[in-house]
Amino acid sequence: MTDAPTPRRPLLVRLAETGRTSVAFTLDGAPASALEGDTVLTAVLTQHDRLRRNEFSGAPRAGFCLMGACQDCWIATAGGERLRACSTFIAPGMALLSGEGAP
Amino acid sequence: MTPPVIVGAGPAGVRAAQALAAHGLRPVLVDEAPRAGGQVYRRPPAHFRRSPAELYGSEAARAVALHAAADTLADRIDHRPDSLVWNAQGGALDLLQRGRIERLPYNGLIVATGATDRVLPVPGWTLPGVTTLGGAQVALKFQGCAIGERVVLMGSGPLLYLVAYQYAKAGARIVAVLDSARLADQVAALPLMLTRPAILVKGAWYVAWLRAHGVPVVRGARPLRILGGERVEGVAFEQGAHGDGQGMQTIECDAVGIGHALRSETQLPDLLGCRFAFDALQRAHLPLRDAAGRSSVPGLYLAGDGAGILGADAAEWAGERAALALLEDRGLPVDAARARELEQRLAGIRPFRRGLERAFPFPADWAARADDELVVCRCEHISAGQLRRTVRETGADDINRLKALSRVGMGRCQGRMCGVAATEILAQACGRPVGEVGRLRGQAPIKPVPLSALSSAPPVLPEPEAAA
């Protein structure tokens, strides 16, 4: 792909609980920062607007039910695992892949 | 000695655990969440700072009481947080606990698995920025986040207004609340809803508050489409009974919360062979239970919204009542007057429940109006048109037949998100009442189990055909 990557836009907006310790992780290889107590879903979607692409449609997905029922918030790690983003807490050093190159 | 097991640590599960512990049993309480409370009283991580009043509003006292009950039980029960049940058979549950699987035998099982949003999809519902109404609430309660900068909430049901209020109160911008129910529906429901005046007043107060704070509330709104290419950019809807696109309006937004009331999470009773019957009020097949919560399977009890939607207060009563039933069935002495009182309270809430259904009626013409292009199954991208074609070509008139032929309900969500919509589309396509096209059967694993967990564990693989 030679297209210039578009800047990332978050989906989620933090309204409260912003005084927490920060947690460093990587998203698509680029350094990123979340807050302690964030789920992986919150950590990613406060800086980006997707978790992965759907394997059938190729369209981006960013979770849906946020309570472990829909199974639509899976995200890949650089280590080849898949995490259910809504119910997994972010941890220091996590390497997450949304499948899009970093900007 | 094999313990009794409770699945779900929400209002029903916690009260059930409390009642069993009070009678000297030591139940196992299995729950997917890290802390007890369920979805309605979901607790943020321990170091978060908002007060119960900020988190739970008018329900703060109830939430605090339930959390306190769960906390004081800590050393009298075996609480297993972060534990997902993915199979149930032969007197045991198969759990996934922090990446490992384990088989948990039970002697008496109380299923209190709660509910999720009932979703009637519209084109665009798979776009990033769309969550269920419950999901929007979880983002705020559990993470202190709004689902977007400019949020539209749509669908129907009490949660619609509650989430709108909670969001606006927390400083989020709600650009519109689109309720498919008409004001006339809500007026017609008043006599039944007056059976619980405090709740009726609270509901009316949310709407008044929203209007006073400049939040547009549109009644009789039919969502047509969520707009956007790679994420939400807006919503198209129409007001009134046109159905011809003439009254179409659009609103710009970057997030949408959607839901049409709630649907019970019934997969465990299904796997365990409980008898079900169609419930016309809830437009769903629900496991049969007696007034105490006994299912058709001996030793298996049902409590809370997972067995039929009655709300959080009723869930607390039903959880305690089911626990008393388990004790009675073991020949242990229980307080019969208390058991009777709980049953009376549960029966007393039913007129209000009917009122809610009248106030926020299911849009029965949803399927007839759904375009062929609508994606019904978000896991495997199966459209309403594909489902209708399958019905046309094969004559399928049962949801499990349609599942086998089209794969709808076979994806990762196992029908939890698409089951209602697929059943409605099937009924419409084959011209039968929705209660007569069967109910989607579950199959283990009901939630995905990582291969790494399966390979690291003793051989407890499910029999794939067991639920067929």
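Not measured: the values here are computed from a predicted model. In what follows, every chain begins at residue 1, and chains take the letters A, B, ... in the order their sequences are listed.
Your options are Ile258(B), Asp117(B), Asp82(B), Val130(B), and the one with the most heavy-atom pairs under 4.5 Å with chain A is Val130(B). Among the candidates Ala16(A), Ala62(A), Pro10(A), the residue making the largest number of heavy-atom pairs closer than 4.5 Å to chain B is Ala16(A). Between chain A and the residues Glu54(B), Arg416(B), Arg378(B), Gln414(B), the most heavy-atom pairs under 4.5 angstrom are made by Arg378(B). Contact count versus chain B (heavy atoms, under 4.5 Å) is highest, among Thr88(A), Asn54(A), Thr39(A), Leu51(A), for Thr39(A). Top candidate by heavy-atom pairs under 4.5 Å with chain B, chosen from Arg84(A), Arg20(A), Arg82(A), is Arg20(A). The residue among Glu380(B), His47(B), Lys447(B) with the most heavy atom pairs within less than 4.5 Å of chain A is Glu380(B). If you tally non-hydrogen atom pairs under 4.5 Å between each of Ala139(B), Cys413(B), Ala146(B) and chain A, the highest count goes to Ala146(B). For the options Glu32(B), Met417(B), Glu230(B), heavy-atom pairs under 4.5 Å to chain A are most numerous at Glu230(B).
Under the 30°/60° scheme for interplanar angles, the aromatic rings of Trp125(B) and Phe64(A) are found to stand perpendicular.
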Practice problem: Kindly determine whether His381(B) and Glu55(A) satisfy side chain to side chain contact (heavy atoms under 4.5 Å, CB included), including the steps that lead there. | Solution: CA-CA 9 Å; His381(B) 209 76; Glu55(A) 54 273 51; over 6 Å; no
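Side chain of Arg49(B) to backbone of Gly19(A): no donor-acceptor contact under 3.5 angstrom is found. The backbone N or O of Arg14(A) sits nowhere less than 3.5 Å from a side-chain atom of Gln143(B) that would complete a donor-acceptor pair.
With a threshold of 4.5 angstrom between heavy atoms, Ile446(B) does not approach chain A through any atom at all. Only the side chain of Arg231(B) comes within contact range of chain A, with at least one heavy atom under 4.5 Å from a heavy atom of that chain. Residue Ile382(B) does not touch chain A at all, counting heavy-atom pairs closer than 4.5 Å. Looking at Glu81(A), there are no atoms closer than 4.5 Å to chain B (heavy atoms on both sides), in backbone or side chain. Residue Ala255(B) does not touch chain A at all, counting heavy-atom pairs closer than 4.5 Å. With a 4.5 angstrom heavy-atom cutoff, Gln39(B) touches chain A only via side-chain atoms. At a 4.5 Å heavy-atom cutoff, the contact between Leu84(B) and chain A is made by side-chain atoms alone. There is no contact between Ala59(A) and chain B, counting heavy-atom distances below 4.5 Å. Both the backbone and the side chain of Asp49(A) come within less than 4.5 Å of a heavy atom in chain B. With a 4.5 Å cut-off on non-hydrogen atoms, Val232(B) does not touch chain A at all.
Side-chain atoms of Cys377(B) and Phe56(A), non-hydrogen and from C-beta on, never get closer than 4.5 Å to each other. Side-chain contact between Thr132(B) and Cys65(A) is present, with heavy atoms from C-beta onward closer than 4.5 Å. For the pair Met67(A) and Gln137(B), the minimum side-chain heavy-atom distance is 4.5 Å or more.
In this structure, Glu17(A) and Arg50(B) approach most closely via the heavy-atom pair OE2-NE, 2.7 Å. Taking both residues in full, the closest heavy atoms of Phe48(B) and Glu36(A) are given as CE1-O, 4.0 Å, listed atom of the first, atom of the second, then distance. When all heavy atoms of Ala69(A) and Thr116(B) are compared, the pair lying nearest together is CB-CG2, 3.6 Å. Annotation for Pro45(B) and Gly37(A): closest pair CG-O, 3.6 Å, computed over non-hydrogen atoms. What you find for Gln71(A) and Arg412(B) is that their closest heavy atoms are CG-O, 3.3 Å. The shortest non-hydrogen separation linking Pro128(B) to Pro60(A) is CD-O, 3.4 Å.
Between Arg9(A) and Glu149(B), no side-chain nitrogen of the basic residue sits less than 4.0 Å from a carboxylate oxygen of the acidic one, so the salt-bridge criterion is not met.
Of the candidates Leu15(A), Val13(A), Thr46(A), Thr46(A) is the only one forming a side chain to side chain contact (heavy atoms under 4.5 Å, CB included) with Cys145(B).
Atom CG of Asp72(A) sits about 8.0 Å away from atom OG1 of Thr126(B), to the nearest 0.5 Å. One distance of note links CG of Leu12(A) with CG of Leu140(B); it measures 11.0 Å at 0.5 Å rounding.
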